[in-house]
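Atoms considered below: every heavy atom in the structure, side chains included; atoms not considered: hydrogens, waters and symmetry mates.
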Amino acid sequence: MESTRKKILVIEDDKDIRDTIVYILEEENYDIIASEDSKILKSIGTHKPDLVLLDNWLTDWKSDANGQQLSKELKTNPATQHIPVIIISAVSNIKEIAEAGMADGYLRKPFDLAELVDIVKKHIN
């Protein structure tokens, strides 16, 4: 029987933050796929997440692409545009970054754990 639990893709290069997000969301009964870099997006069709939590600054990125650009790629691709994307960042202009990236929402670091759960529940039914 296939799991009816919602699947969340977490892309965060900071191990402590990634581990915290994974722990909290697993406690909320979500299936989590965690990655320290954006390469996992190449196989997004295989994973079929219900939500993507995306760090805005990924240290692995060799080009100028960041969370904002990755989000925009997901949102302009007919195969992935239905997947809600939440950008996570400590920058002060996170709202503008999320809007420019066509993201469905944003979460400012450092975030409250309840805030994390709330924004996930808001975008996943």
Side-chain angles (χ1 to χ4, degrees):
M1 191 174 108
E2 196 172 313
S3 172
T4 54
R5 296 193 333 174
K6 296 292 186 177
K7 199 182 294 181
I8 300 173
L9 176 56
V10 176
I11 304 171
E12 167 62 68
D13 60 354
D14 182 304
K15 184 183 182 328
D16 294 336
I17 295 172
R18 187 174 63 247
D19 290 349
T20 301
I21 291 172
V22 168
Y23 177 79
I24 295 302
L25 295 178
E26 282 179 343
E27 286 291 303
E28 292 291 322
N29 220 15
Y30 294 108
D31 282 336
I32 308 299
I33 303 151
S35 177
E36 65 183 344
D37 61 49
S38 57
K39 292 182 192 83
I40 188 130
L41 289 174
K42 290 185 178 82
S43 57
I44 196 164
T46 312
H47 295 300
K48 296 185 173 62
D50 296 292
L51 178 81
V52 176
L53 286 172
L54 180 60
D55 183 20
N56 193 47
W57 292 114
L58 295 164
T59 49
D60 77 299
W61 216 232
K62 303 286 182 270
S63 68
D64 296 330
N66 55 33
Q68 175 183 321
Q69 287 148 306
L70 294 169
S71 173
K72 198 168 194 171
E73 281 177 36
L74 291 170
K75 290 312 216 172
T76 54
N77 180 337
T80 55
Q81 66 188 20
H82 65 284
I83 305 169
V85 176
I86 308 297
I87 293 183
I88 306 170
S89 183
V91 296
S92 58
N93 62 335
I94 177 85
K95 185 175 189 284
E96 291 76 10
I97 286 171
E99 286 170 359
M102 300 167 70
D104 297 272
Y106 61 90
L107 189 60
R108 190 184 312 268
K109 290 180 194 173
F111 51 83
D112 184 72
L113 300 181
E115 263 182 294
L116 169 66
V117 172
D118 287 348
I119 198 161
V120 167
K121 285 183 174 168
K122 179 179 165 191
H123 292 281
I124 283 189
N125 351 13

Quick check: do [X] and [Y] have side-chain heavy atoms less than 4.5 Å from each other?
X	Y	result
T76	M102	yes
E12	K109	yes
I33	I8	no
S71	L54	yes

Using a 6.0 Å cut-off, check whether atom NZ of K7 has over 12 heavy atoms from anything other than its own residue.
yes
Does I21 form a side chain to side chain contact (heavy atoms under 4.5 Å, CB included) with I17? I'd like the steps, not just the answer.
CA-CA 6 Å; I21 291 172; I17 295 172; 3.8 Å; yes
Test side chain to side chain contact (heavy atoms under 4.5 Å, CB included) applied to I83 and D50, L74, L9, I44, the passing residue
I44
Less than 4.0 angstrom from a charged side-chain N to a carboxylate O is my criterion; do E115 and K122 meet it?
no
Does a salt bridge link D14 with R18, judged by any charged N lying under 4.0 Å from a carboxylate O?
no
Kindly determine whether I97 and Y106 satisfy side chain to side chain contact (heavy atoms under 4.5 Å, CB included), including the steps that lead there.
CA-CA 9 Å; I97 286 171; Y106 61 90; over 6 Å; no
Sequence neighbours left out, what passes side chain to side chain donor-acceptor pair (under 3.5 Å) with K48? Give chain and number order.
none
Without swapping roles, check the side chain of [X] against the backbone of [Y] for a donor-acceptor pair under 3.5 Å.
X	Y	answer
E26	Y23	no
K75	Q81	yes
N66	Q69	yes

Nearest 0.5 Å please: distance from the [atom1] atom of [X] over to the [atom2] atom of [Y].
X	Y	atom1	atom2	result
K15	T20	NZ	OG1	9.5 Å
I94	L107	CD1	CG	8.0 Å
K39	D37	NZ	CG	4.0 Å

Should I119 and Y30 be counted in the same cluster of Ile, Leu, Val, Met, Phe, Trp and Tyr side chains packed under 4.5 Å apart?
yes
Cluster link I32 to I124, ILVMFWY, side chain under 4.5 Å
yes
Side-chain donor/acceptor pairs under 3.5 Å, residues 84-93, sequence neighbours excluded:
residue	atom	partner	partner atom	Å
S89	OG	V91	N	3.2

For E99, give me all partners under salt bridge (charged side-chain N to carboxylate O under 4.0 Å, His left out), at least two apart in sequence or on another chain.
K95
Could you walk me through whether D55 and I11 pass the side chain to side chain contact (heavy atoms under 4.5 Å, CB included) check?
CA-CA 6 Å; D55 183 20; I11 304 171; 5.8 Å; no
Checking L53 against L25 for the side chain to side chain contact (heavy atoms under 4.5 Å, CB included) test, could you report, in this order, the C-alpha distance in whole Å, the side-chain angles of both residues, the deciding distance, and whether it holds?
CA-CA 11 Å; L53 286 172; L25 295 178; 3.7 Å; yes
